[in-house]
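Notes to accompany the following structure.
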Protein chains: 2
Amino acid sequence: MPKQYHCPVELAVDIIGGAWRPVILAHLKEGVHRYGELRRRMPGISEKMLIQRLRELEAEGLVARHDHKTVPPRVDYHLTDEGASLAPVLQALYDWGVGRAERTKTTIDWPVTDRRTAPKEGTPVAE
Amino acid sequence: MPKQYHCPVELAVDIIGGAWRPVILAHLKEGVHRYGELRRRMPGISEKMLIQRLRELEAEGLVARHDHKTVPPRVDYHLTDEGASLAPVLQALYDWGVGRAERTKTTIDWPVTDRRTAPKEGTPVAE
DNA sequence: CGGCATCCAAGGTGATACTG
DNA sequence: CAGTATCACCTTGGATGCCG
């Protein structure tokens, strides 16, 4: 008997919960793909944790990994269809975070200053 | 310097993240108020955890506690305005959980037989 | 009924060093 | 650049028992 959920929210949290999974997914949703880029966007996470979470998300089928097999190494991650289905959740989290920051006078210390917080279309990041 | 967030999602997760906080909030959003009722809806959580999370949510201003000071004891919890502002997040989590359960053939073992989180007081859940 | 305190085990997590 | 490996800590969380 694997696990018993008593509410859909329990199931959701079990899969996308944790301190970093939603953040990773949110970044990927916004078009950040490369491993190094993810690291730069998340200064608070350790290498080990990032890799660990990425592997978990991969195993859960939310994220796919693509190794370009080049030198120097180049690997990028992208949301699968299943991962993309989380868009409403991630967007809601993002929006609420913005509002909460304003209400509590909390500042967000963006690691990057310029673009790439909300690419609307394609993926100019990699490629 | 309290904490540095590098993304609104980090902030959001820091406050409503964890295995149980979203579940508690979701139940409260649906009209479950009494402590004992929450426990029945969440068979997987221990007393300690439930109280601990409720206290945290209270401290964060998302939930308010009301002690009726009667015998036998009666205490109920309800979302504050700030807590209610999480509705989109909670709804998105719930919806995604339902879809994920279907896609992965996972069954939800509702602690209550009839409808989803209906309050005893007859407050319409507003579906 | 609602809640708190204590003990104790598990594993999440960071620092550091190394590799192809 | 993109990882992997190891060590040691330290929080998280379950179980139990008691109280107003």
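Every chain is numbered from 1, with letters handed out A, B, ... down the list of sequences. Since the structure is predicted, the reported quantities are computational estimates derived from the model, not experimental observations.
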| query | Under the ring-ring contact (aromatic ring centres under 6.0 Å, His included) test, which residues partner B:His66, sequence neighbours left out? | reply | B:His68
| query | Hey, can you pull the residues of residues 43-58 of chain A with a non-hydrogen atom under 4.0 angstrom from DNA chain C? | reply | A:Ser46, A:Lys48, A:Met49, A:Arg53
| message | Restricting to side-chain contact (heavy atoms from CB on, under 4.5 Å), what partner residues turn up for A:Ala101, sequence neighbours left out? | response | A:Thr106, A:Ile108, B:Leu11
| said: Does anything in residues 3-27 of chain A form a ring-ring contact (aromatic ring centres under 6.0 Å, His included)? List the pairs, not counting sequence neighbours. | reply: none
| note | In short, side chain to side chain donor-acceptor pair (under 3.5 Å) pairs touching residues 80-89 of chain A with sequence neighbours left out are A:Glu82-B:Arg100, A:Glu82-B:Arg103, A:Ser85-B:Trp96
| Which residue lies toward the 5' end of DNA chain C, A:Pro72 or A:Ala19, if each is placed at its nearest nucleotide? | A:Ala19
| Can you check the B:Leu38 CG to C:dC1 P distance for me, whole Å? | 14 Å
| message | Could you work out, with side-chain contact (heavy atoms from CB on, under 4.5 Å) as the rule, every residue matching A:Val63, not counting sequence neighbours? | response | A:Leu25, A:Leu28, A:Leu57, A:Tyr77, A:Leu79
| task | Any chance you could measure B:Cys7, atom SG, to A:Asp109, atom CG, to the nearest 0.5 Å? | result | 11.5 Å
| said: According to salt bridge (Lys or Arg N to Asp or Glu O under 4.0 Å), does anything in residues 86-97 of chain A pair up with another residue at least two apart or in another chain? List the pairs. | reply: none
| said: Give me each pair satisfying salt bridge (Lys or Arg N to Asp or Glu O under 4.0 Å) with a member in residues 8-21 of chain B, each pair once, sequence neighbours excluded. | reply: B:Lys3-B:Asp14, B:Arg21-B:Glu56
| said: Need two values: the first and the last nucleotide of DNA chain D, 5' to 3', having an atom under 4.0 Å from any heavy-atom of chain A. | reply: D:dC1 to D:dC7
